[in-house]
Amino acid sequence: MKKIAILGSTGSIGTQTVDILPSIEAEVVALTTNTRIDLLEKQARALQPKMVCAFDETAAKTLKIALADTDIKVLAGMEGLISCAAESGADIVVTAVVGMVGLLPTMAAINAGKDIALANKETLVCAGELVMRAAQEKHVKILPVDSEHSAIFQCAQAAQGNRLEKIILTASGGPFFGKTAEQMRHVSREQALAHPNWSMGAKITIDSATMMNKGLEFIEAMWLYDMAPEDIEIVVHRESIVHSLVEFEDGAVLAQLGLPDMRLPIQYALTYPARVACKVPRLSLAEVGKMTFFAPDYDAFPALSLAKRAAQEKGNMGAVLNGANEAAVGLFLNDKIAFGEIADRVAHALETVPYRKQITLDDVLESDRLAREIARS
Ligand code: NAD
Ligand code: MG
(Lines give C-alpha, C1' and ligand atoms only; values in the text may rest on other atoms or scores of the structure.)
(Ligands and ions follow the chains in the order given, each with its own letter.)
Protein backbone atom coordinates (compact mmCIF):
# COMPACT_ATOMS: atom_id res chain seq x y z
CA MET A 1 0.00 0.00 0.00
CA LYS A 2 1.43 3.35 -1.07
CA LYS A 3 0.98 6.09 1.56
CA ILE A 4 -0.27 9.33 0.02
CA ALA A 5 -0.56 12.89 1.32
CA ILE A 6 -2.84 15.16 -0.74
CA LEU A 7 -2.14 18.87 -0.32
CA GLY A 8 -5.17 20.80 -1.59
CA SER A 9 -7.51 17.78 -1.51
CA THR A 10 -10.64 19.96 -1.78
CA GLY A 11 -9.74 21.55 -5.13
CA SER A 12 -10.23 20.41 -8.70
CA ILE A 13 -7.08 18.22 -8.82
CA GLY A 14 -7.50 17.21 -5.16
CA THR A 15 -11.04 15.87 -5.57
CA GLN A 16 -10.10 14.06 -8.79
CA THR A 17 -7.20 12.47 -6.90
CA VAL A 18 -9.65 11.25 -4.25
CA ASP A 19 -11.87 10.02 -7.08
CA ILE A 20 -9.21 7.68 -8.53
CA LEU A 21 -8.09 6.27 -5.15
CA PRO A 22 -10.23 3.11 -5.49
CA SER A 23 -8.32 2.23 -8.70
CA ILE A 24 -4.95 2.24 -6.96
CA GLU A 25 -3.61 0.55 -3.84
CA ALA A 26 -3.18 3.49 -1.53
CA GLU A 27 -3.63 4.69 2.00
CA VAL A 28 -4.22 8.41 2.54
CA VAL A 29 -2.19 9.79 5.44
CA ALA A 30 -2.85 13.53 5.13
CA LEU A 31 -5.37 15.93 3.52
CA THR A 32 -5.37 19.73 3.40
CA THR A 33 -7.59 22.64 2.43
CA ASN A 34 -7.60 26.38 2.73
CA THR A 35 -11.18 27.06 3.90
CA ARG A 36 -13.41 24.25 2.49
CA ILE A 37 -13.80 22.48 5.80
CA ASP A 38 -17.19 20.89 5.03
CA LEU A 39 -15.63 18.91 2.19
CA LEU A 40 -12.41 18.26 4.08
CA GLU A 41 -14.36 16.82 7.01
CA LYS A 42 -16.25 14.52 4.64
CA GLN A 43 -13.01 13.37 2.98
CA ALA A 44 -11.34 12.86 6.37
CA ARG A 45 -14.19 10.73 7.69
CA ALA A 46 -14.12 8.58 4.56
CA LEU A 47 -10.34 8.20 4.23
CA GLN A 48 -9.21 8.32 7.89
CA PRO A 49 -5.86 10.12 7.40
CA LYS A 50 -3.45 10.57 10.29
CA MET A 51 -3.55 14.35 10.01
CA VAL A 52 -5.37 17.15 8.20
CA CYS A 53 -4.70 20.86 7.85
CA ALA A 54 -6.73 23.96 7.10
CA PHE A 55 -4.37 26.71 5.99
CA ASP A 56 -6.81 29.36 7.22
CA GLU A 57 -6.51 29.55 11.02
CA THR A 58 -10.20 30.27 11.65
CA ALA A 59 -11.24 27.39 9.40
CA ALA A 60 -8.78 25.14 11.26
CA LYS A 61 -10.48 25.94 14.60
CA THR A 62 -13.89 24.98 13.19
CA LEU A 63 -12.43 21.83 11.64
CA LYS A 64 -10.91 20.82 14.96
CA ILE A 65 -14.34 20.97 16.57
CA ALA A 66 -15.92 19.09 13.66
CA LEU A 67 -13.40 16.24 13.94
CA ALA A 68 -13.24 16.20 17.76
CA ASP A 69 -14.78 12.71 17.91
CA THR A 70 -11.97 11.22 15.77
CA ASP A 71 -8.22 10.51 16.30
CA ILE A 72 -7.32 12.70 13.33
CA LYS A 73 -4.81 15.42 14.17
CA VAL A 74 -5.99 18.87 12.98
CA LEU A 75 -3.28 21.38 12.04
CA ALA A 76 -3.29 24.96 10.73
CA GLY A 77 -1.27 27.37 8.58
CA MET A 78 2.00 26.89 6.75
CA GLU A 79 3.39 24.87 9.65
CA GLY A 80 0.48 22.43 9.34
CA LEU A 81 0.88 22.21 5.57
CA ILE A 82 4.58 21.41 6.00
CA SER A 83 3.82 18.73 8.63
CA CYS A 84 1.28 17.10 6.31
CA ALA A 85 3.88 17.08 3.52
CA ALA A 86 6.91 15.93 5.48
CA GLU A 87 5.79 14.31 8.72
CA SER A 88 2.66 12.33 7.86
CA GLY A 89 4.58 9.20 6.87
CA ALA A 90 3.70 9.63 3.17
CA ASP A 91 5.68 7.87 0.43
CA ILE A 92 4.38 10.36 -2.14
CA VAL A 93 2.91 13.85 -1.80
CA VAL A 94 0.34 15.13 -4.30
CA THR A 95 0.88 18.89 -4.49
CA ALA A 96 -2.53 20.16 -5.59
CA VAL A 97 -2.62 23.50 -3.79
CA VAL A 98 -2.85 26.52 -6.05
CA GLY A 99 -0.07 29.11 -6.03
CA MET A 100 3.43 29.53 -4.69
CA VAL A 101 2.09 28.68 -1.21
CA GLY A 102 3.04 25.14 -2.33
CA LEU A 103 6.75 25.91 -2.50
CA LEU A 104 7.78 25.44 1.16
CA PRO A 105 5.72 22.26 1.71
CA THR A 106 7.10 20.79 -1.54
CA MET A 107 10.67 21.59 -0.48
CA ALA A 108 10.01 20.10 2.97
CA ALA A 109 8.63 16.92 1.40
CA ILE A 110 11.65 16.59 -0.92
CA ASN A 111 14.07 17.15 1.95
CA ALA A 112 12.24 14.41 3.87
CA GLY A 113 12.78 12.07 0.88
CA LYS A 114 9.16 11.95 -0.32
CA ASP A 115 8.36 11.54 -4.01
CA ILE A 116 6.23 14.33 -5.45
CA ALA A 117 3.20 14.04 -7.75
CA LEU A 118 3.39 17.64 -8.88
CA ALA A 119 0.30 19.54 -9.99
CA ASN A 120 1.33 22.81 -8.33
CA LYS A 121 3.24 24.30 -11.29
CA GLU A 122 3.76 27.67 -9.55
CA THR A 123 6.37 25.96 -7.33
CA LEU A 124 8.55 25.05 -10.33
CA VAL A 125 8.01 28.42 -11.98
CA CYS A 126 9.23 30.23 -8.85
CA ALA A 127 12.05 27.97 -7.82
CA GLY A 128 12.55 25.23 -10.44
CA GLU A 129 16.31 25.36 -10.14
CA LEU A 130 16.23 24.87 -6.34
CA VAL A 131 13.47 22.25 -6.41
CA MET A 132 15.11 20.10 -9.11
CA ARG A 133 18.51 20.32 -7.42
CA ALA A 134 17.05 19.27 -4.05
CA ALA A 135 15.15 16.39 -5.71
CA GLN A 136 18.36 15.18 -7.37
CA GLU A 137 20.32 15.36 -4.11
CA LYS A 138 17.62 13.47 -2.20
CA HIS A 139 16.98 10.94 -5.03
CA VAL A 140 13.35 12.00 -5.05
CA LYS A 141 11.12 11.58 -8.12
CA ILE A 142 9.13 14.58 -9.36
CA LEU A 143 6.23 12.97 -11.23
CA PRO A 144 4.24 15.43 -13.34
CA VAL A 145 0.45 15.67 -12.97
CA ASP A 146 -0.05 18.56 -15.41
CA SER A 147 -1.48 16.87 -18.53
CA GLU A 148 1.13 18.28 -20.94
CA HIS A 149 4.05 17.34 -18.71
CA SER A 150 2.60 13.91 -18.08
CA ALA A 151 2.35 13.48 -21.85
CA ILE A 152 6.00 14.47 -22.26
CA PHE A 153 6.96 12.13 -19.40
CA GLN A 154 5.10 9.26 -21.06
CA CYS A 155 6.60 9.93 -24.51
CA ALA A 156 10.10 10.42 -23.09
CA GLN A 157 10.07 6.84 -21.84
CA ALA A 158 10.77 5.86 -25.44
CA ALA A 159 14.04 7.83 -25.31
CA GLN A 160 16.06 4.90 -23.85
CA GLY A 161 18.89 7.31 -22.96
CA ASN A 162 18.68 9.27 -26.22
CA ARG A 163 18.44 13.04 -26.07
CA LEU A 164 15.12 14.86 -26.49
CA GLU A 165 15.75 17.39 -29.21
CA LYS A 166 12.56 19.29 -28.72
CA ILE A 167 9.41 19.45 -26.62
CA ILE A 168 6.17 20.53 -28.27
CA LEU A 169 3.67 21.82 -25.72
CA THR A 170 0.06 21.92 -26.85
CA ALA A 171 -2.28 24.71 -25.72
CA SER A 172 -6.05 24.82 -26.09
CA GLY A 173 -5.90 28.55 -26.76
CA GLY A 174 -8.57 29.15 -24.11
CA PRO A 175 -11.90 30.98 -24.49
CA PHE A 176 -10.46 33.95 -26.42
CA PHE A 177 -8.72 32.14 -29.26
CA GLY A 178 -8.80 34.24 -32.43
CA LYS A 179 -9.46 37.54 -30.60
CA THR A 180 -7.11 40.52 -30.62
CA ALA A 181 -5.67 42.07 -27.44
CA GLU A 182 -7.98 45.04 -28.02
CA GLN A 183 -11.07 42.81 -28.21
CA MET A 184 -10.02 41.01 -25.03
CA ARG A 185 -9.07 44.05 -22.97
CA HIS A 186 -12.40 44.38 -21.13
CA VAL A 187 -13.86 40.86 -21.21
CA SER A 188 -15.78 39.93 -18.07
CA ARG A 189 -14.82 37.55 -15.30
CA GLU A 190 -17.56 35.14 -16.44
CA GLN A 191 -16.32 35.14 -20.06
CA ALA A 192 -12.76 34.50 -18.87
CA LEU A 193 -13.89 31.67 -16.58
CA ALA A 194 -15.65 29.81 -19.43
CA HIS A 195 -12.92 27.41 -20.58
CA PRO A 196 -13.87 25.42 -23.69
CA ASN A 197 -12.31 22.04 -22.77
CA TRP A 198 -11.32 21.78 -19.09
CA SER A 199 -13.10 22.36 -15.78
CA MET A 200 -10.48 23.65 -13.31
CA GLY A 201 -9.95 26.01 -10.36
CA ALA A 202 -10.54 29.75 -10.96
CA LYS A 203 -6.89 30.83 -10.95
CA ILE A 204 -5.69 28.35 -13.58
CA THR A 205 -8.81 29.04 -15.68
CA ILE A 206 -7.93 32.75 -15.83
CA ASP A 207 -4.33 31.77 -16.61
CA SER A 208 -5.65 29.71 -19.51
CA ALA A 209 -7.62 32.70 -20.80
CA THR A 210 -4.53 34.97 -20.76
CA MET A 211 -2.40 32.00 -21.92
CA MET A 212 -0.12 32.68 -18.94
CA ASN A 213 -0.90 29.05 -18.07
CA LYS A 214 1.05 27.95 -21.16
CA GLY A 215 3.82 30.37 -20.21
CA LEU A 216 4.00 28.83 -16.72
CA GLU A 217 3.99 25.37 -18.31
CA PHE A 218 6.82 26.41 -20.63
CA ILE A 219 8.94 27.20 -17.55
CA GLU A 220 7.70 24.05 -15.80
CA ALA A 221 8.82 21.94 -18.80
CA MET A 222 12.19 23.69 -18.95
CA TRP A 223 12.98 22.67 -15.35
CA LEU A 224 11.38 19.22 -15.36
CA TYR A 225 13.14 18.08 -18.53
CA ASP A 226 16.28 20.23 -18.33
CA MET A 227 15.55 21.79 -21.74
CA ALA A 228 16.79 25.07 -23.19
CA PRO A 229 13.92 27.53 -23.84
CA GLU A 230 14.80 27.49 -27.58
CA ASP A 231 14.00 23.77 -27.66
CA ILE A 232 10.45 24.14 -26.34
CA GLU A 233 7.75 25.02 -28.86
CA ILE A 234 4.14 25.98 -28.14
CA VAL A 235 1.41 25.00 -30.57
CA VAL A 236 -2.29 25.80 -30.20
CA HIS A 237 -4.43 22.68 -30.52
CA ARG A 238 -8.09 23.55 -30.04
CA GLU A 239 -9.44 20.07 -29.28
CA SER A 240 -7.08 19.20 -26.35
CA ILE A 241 -6.69 15.60 -27.58
CA VAL A 242 -2.93 15.62 -28.21
CA HIS A 243 -1.60 16.44 -24.73
CA SER A 244 1.96 17.23 -25.89
CA LEU A 245 4.79 15.78 -28.01
CA VAL A 246 8.53 15.13 -28.00
CA GLU A 247 10.91 15.14 -30.94
CA PHE A 248 14.09 13.05 -31.13
CA GLU A 249 17.32 13.77 -33.01
CA ASP A 250 16.26 11.62 -35.97
CA GLY A 251 13.12 13.73 -36.41
CA ALA A 252 10.69 11.18 -34.97
CA VAL A 253 7.85 12.90 -33.09
CA LEU A 254 5.91 11.03 -30.39
CA ALA A 255 2.64 12.21 -28.83
CA GLN A 256 0.30 11.10 -26.07
CA LEU A 257 -3.42 11.37 -26.84
CA GLY A 258 -6.64 11.07 -24.87
CA LEU A 259 -9.87 12.88 -24.09
CA PRO A 260 -9.26 15.85 -21.77
CA ASP A 261 -9.56 14.26 -18.30
CA MET A 262 -7.06 14.91 -15.50
CA ARG A 263 -7.74 11.61 -13.76
CA LEU A 264 -5.38 9.74 -16.10
CA PRO A 265 -2.28 11.93 -15.52
CA ILE A 266 -3.06 12.07 -11.78
CA GLN A 267 -3.36 8.30 -11.59
CA TYR A 268 -0.25 7.67 -13.68
CA ALA A 269 1.84 9.89 -11.39
CA LEU A 270 0.69 7.71 -8.48
CA THR A 271 1.07 4.28 -10.10
CA TYR A 272 4.17 4.91 -12.27
CA PRO A 273 5.74 2.81 -13.70
CA ALA A 274 2.64 0.59 -13.55
CA ARG A 275 -0.47 1.28 -15.60
CA VAL A 276 -3.77 0.20 -14.05
CA ALA A 277 -7.36 0.45 -15.25
CA CYS A 278 -8.67 4.02 -15.11
CA LYS A 279 -12.28 5.12 -15.37
CA VAL A 280 -11.67 7.86 -17.95
CA PRO A 281 -13.78 7.82 -21.14
CA ARG A 282 -11.92 6.25 -24.07
CA LEU A 283 -10.75 8.15 -27.13
CA SER A 284 -12.42 7.51 -30.48
CA LEU A 285 -10.48 9.29 -33.21
CA ALA A 286 -13.36 8.77 -35.62
CA GLU A 287 -15.64 10.65 -33.22
CA VAL A 288 -13.08 13.45 -32.82
CA GLY A 289 -13.01 13.59 -36.62
CA LYS A 290 -10.46 16.33 -37.09
CA MET A 291 -7.81 18.06 -35.06
CA THR A 292 -6.51 21.59 -35.65
CA PHE A 293 -3.14 23.18 -34.89
CA PHE A 294 -2.07 26.84 -35.01
CA ALA A 295 0.96 28.96 -34.13
CA PRO A 296 0.26 31.02 -30.97
CA ASP A 297 -0.63 34.70 -31.39
CA TYR A 298 2.04 36.48 -29.32
CA ASP A 299 0.51 39.92 -29.97
CA ALA A 300 -2.89 38.94 -28.63
CA PHE A 301 -1.43 36.99 -25.66
CA PRO A 302 1.53 39.01 -24.30
CA ALA A 303 1.73 36.72 -21.22
CA LEU A 304 3.41 34.11 -23.44
CA SER A 305 6.31 36.42 -24.31
CA LEU A 306 6.65 37.55 -20.69
CA ALA A 307 6.97 33.93 -19.54
CA LYS A 308 9.49 33.14 -22.29
CA ARG A 309 11.54 36.12 -21.21
CA ALA A 310 11.50 34.93 -17.58
CA ALA A 311 12.53 31.47 -18.81
CA GLN A 312 15.53 32.95 -20.68
CA GLU A 313 16.64 35.08 -17.76
CA LYS A 314 16.09 32.45 -15.02
CA GLY A 315 17.39 33.57 -11.57
CA ASN A 316 14.56 35.29 -9.67
CA MET A 317 12.51 36.18 -12.77
CA GLY A 318 10.27 33.09 -12.51
CA ALA A 319 9.30 34.13 -8.99
CA VAL A 320 8.64 37.69 -10.16
CA LEU A 321 6.52 36.55 -13.11
CA ASN A 322 4.50 34.19 -10.95
CA GLY A 323 4.06 36.48 -7.94
CA ALA A 324 2.90 39.39 -10.09
CA ASN A 325 0.58 37.11 -12.03
CA GLU A 326 -0.98 35.63 -8.87
CA ALA A 327 -1.60 39.13 -7.52
CA ALA A 328 -2.98 40.46 -10.82
CA VAL A 329 -5.27 37.46 -11.36
CA GLY A 330 -6.54 37.95 -7.79
CA LEU A 331 -7.33 41.60 -8.61
CA PHE A 332 -9.12 40.61 -11.82
CA LEU A 333 -11.17 37.92 -10.04
CA ASN A 334 -12.24 40.59 -7.52
CA ASP A 335 -13.29 42.99 -10.33
CA LYS A 336 -10.53 45.45 -9.46
CA ILE A 337 -8.71 45.50 -12.83
CA ALA A 338 -9.50 44.81 -16.48
CA PHE A 339 -8.50 41.49 -18.08
CA GLY A 340 -5.95 43.24 -20.30
CA GLU A 341 -4.24 44.75 -17.27
CA ILE A 342 -3.12 41.37 -15.93
CA ALA A 343 -0.24 41.10 -18.42
CA ASP A 344 0.55 44.84 -18.09
CA ARG A 345 1.09 44.43 -14.36
CA VAL A 346 3.24 41.33 -14.80
CA ALA A 347 5.35 43.19 -17.38
CA HIS A 348 5.76 46.12 -15.00
CA ALA A 349 6.92 43.82 -12.18
CA LEU A 350 9.47 42.13 -14.48
CA GLU A 351 10.84 45.60 -15.33
CA THR A 352 10.90 46.80 -11.73
CA VAL A 353 12.12 44.02 -9.44
CA PRO A 354 15.95 43.91 -9.50
CA TYR A 355 17.36 40.89 -11.34
CA ARG A 356 19.27 38.26 -9.40
CA LYS A 357 21.06 35.45 -11.19
CA GLN A 358 22.05 33.24 -8.25
CA ILE A 359 19.12 32.57 -5.96
CA THR A 360 18.36 31.05 -2.57
CA LEU A 361 14.94 30.14 -1.22
CA ASP A 362 14.90 33.46 0.67
CA ASP A 363 15.53 35.36 -2.60
CA VAL A 364 12.57 33.58 -4.16
CA LEU A 365 10.30 34.52 -1.25
CA GLU A 366 11.53 38.13 -1.31
CA SER A 367 11.14 38.46 -5.11
CA ASP A 368 7.64 37.01 -4.83
CA ARG A 369 6.74 39.54 -2.12
CA LEU A 370 8.11 42.49 -4.10
CA ALA A 371 6.43 41.37 -7.34
CA ARG A 372 3.04 41.11 -5.61
CA GLU A 373 3.46 44.54 -4.05
CA ILE A 374 4.32 46.10 -7.43
CA ALA A 375 1.49 44.31 -9.25
CA ARG A 376 -1.02 45.51 -6.65
CA SER A 377 0.13 49.15 -6.61
P1 NAD B 1 -8.38 24.75 -6.99
O2 NAD B 1 -8.53 26.20 -6.75
O3 NAD B 1 -9.54 23.99 -7.50
O4 NAD B 1 -7.91 24.03 -5.63
C5 NAD B 1 -6.84 24.53 -4.89
C6 NAD B 1 -6.66 23.75 -3.58
O7 NAD B 1 -5.67 24.45 -2.81
C8 NAD B 1 -7.90 23.70 -2.70
O9 NAD B 1 -7.89 22.50 -1.96
C10 NAD B 1 -7.73 24.88 -1.77
O11 NAD B 1 -8.42 24.72 -0.53
C12 NAD B 1 -6.23 24.89 -1.57
N13 NAD B 1 -5.71 26.25 -1.32
C14 NAD B 1 -6.05 27.40 -1.95
N15 NAD B 1 -5.38 28.43 -1.44
C16 NAD B 1 -4.58 27.94 -0.47
C17 NAD B 1 -3.66 28.53 0.41
N18 NAD B 1 -3.38 29.85 0.43
N19 NAD B 1 -3.01 27.71 1.26
C20 NAD B 1 -3.24 26.38 1.28
N21 NAD B 1 -4.12 25.78 0.47
C22 NAD B 1 -4.77 26.55 -0.40
O23 NAD B 1 -7.12 24.58 -7.95
P24 NAD B 1 -6.82 23.40 -8.99
O25 NAD B 1 -7.45 23.73 -10.30
O26 NAD B 1 -7.06 22.08 -8.38
O27 NAD B 1 -5.26 23.60 -9.21
C28 NAD B 1 -4.31 23.18 -8.25
C29 NAD B 1 -2.92 23.21 -8.87
O30 NAD B 1 -2.86 22.26 -9.91
C31 NAD B 1 -2.57 24.56 -9.51
O32 NAD B 1 -1.21 24.82 -9.32
C33 NAD B 1 -2.87 24.34 -10.97
O34 NAD B 1 -2.08 25.15 -11.81
C35 NAD B 1 -2.50 22.88 -11.14
N36 NAD B 1 -3.19 22.20 -12.25
C37 NAD B 1 -4.54 22.10 -12.23
C38 NAD B 1 -5.21 21.46 -13.28
C39 NAD B 1 -6.70 21.27 -13.26
O40 NAD B 1 -7.24 20.60 -14.16
N41 NAD B 1 -7.43 21.78 -12.30
C42 NAD B 1 -4.46 20.93 -14.35
C43 NAD B 1 -3.08 21.06 -14.33
C44 NAD B 1 -2.46 21.69 -13.27
MG1 MG C 1 -1.72 21.82 -18.26
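Read the numbers this way: they start at 1 and go in the same order the structure lists the ligands and their atoms. Sequence positions, counted from 1, serve as the residue numbers for this chain.
Tested against S172, the residues H195, M211, K214, H237 include a single side-chain contact (heavy atoms from CB on, under 4.5 Å) partner, H195.
Annotation: ligand 1 has protein neighbours G8, S9, T10, G11, S12, I13, T33, N34, F55, A96, V97, V98, V101, A119, N120, K121, E122, D146, M200, G201, I204, M262, each with a heavy atom less than 4.0 angstrom from the ligand.
The distance between the ring centers of F176 and F301 does not fall below 6.0 angstrom. Taking the six-membered ring for Trp and the full ring otherwise, the centers of F153 and Y225 sit at least 6.0 Å from each other.
Ion pair E217/K121 flagged as a salt bridge, since at least one NZ, NE, NH1 or NH2 atom sits closer than 4.0 Å to an Asp/Glu carboxylate oxygen.
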* Asked: So T95 and N120, side chain to side chain donor-acceptor pair (under 3.5 Å) or not? Walk me through it.
  -> CA-CA 6 Å; T95 61; N120 178 230; 5.0 Å; no

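The atom of D146 nearest to the Mg ion (ligand 2) is OD1, with the search restricted to N, O or S atoms.
Counting heavy atoms from C-beta on, the side chains of Q48 and V28 never come closer than 4.5 Å.
Taking the ring centre of F332 as origin, the terminal cationic atom of R189 falls outside the region bounded by 6.0 Å and 45° from the ring axis.
Vertex the Mg ion (ligand 2), arms ending at OE2 of E217 and OE1 of E148: the angle is 100° after rounding to 10 degrees.
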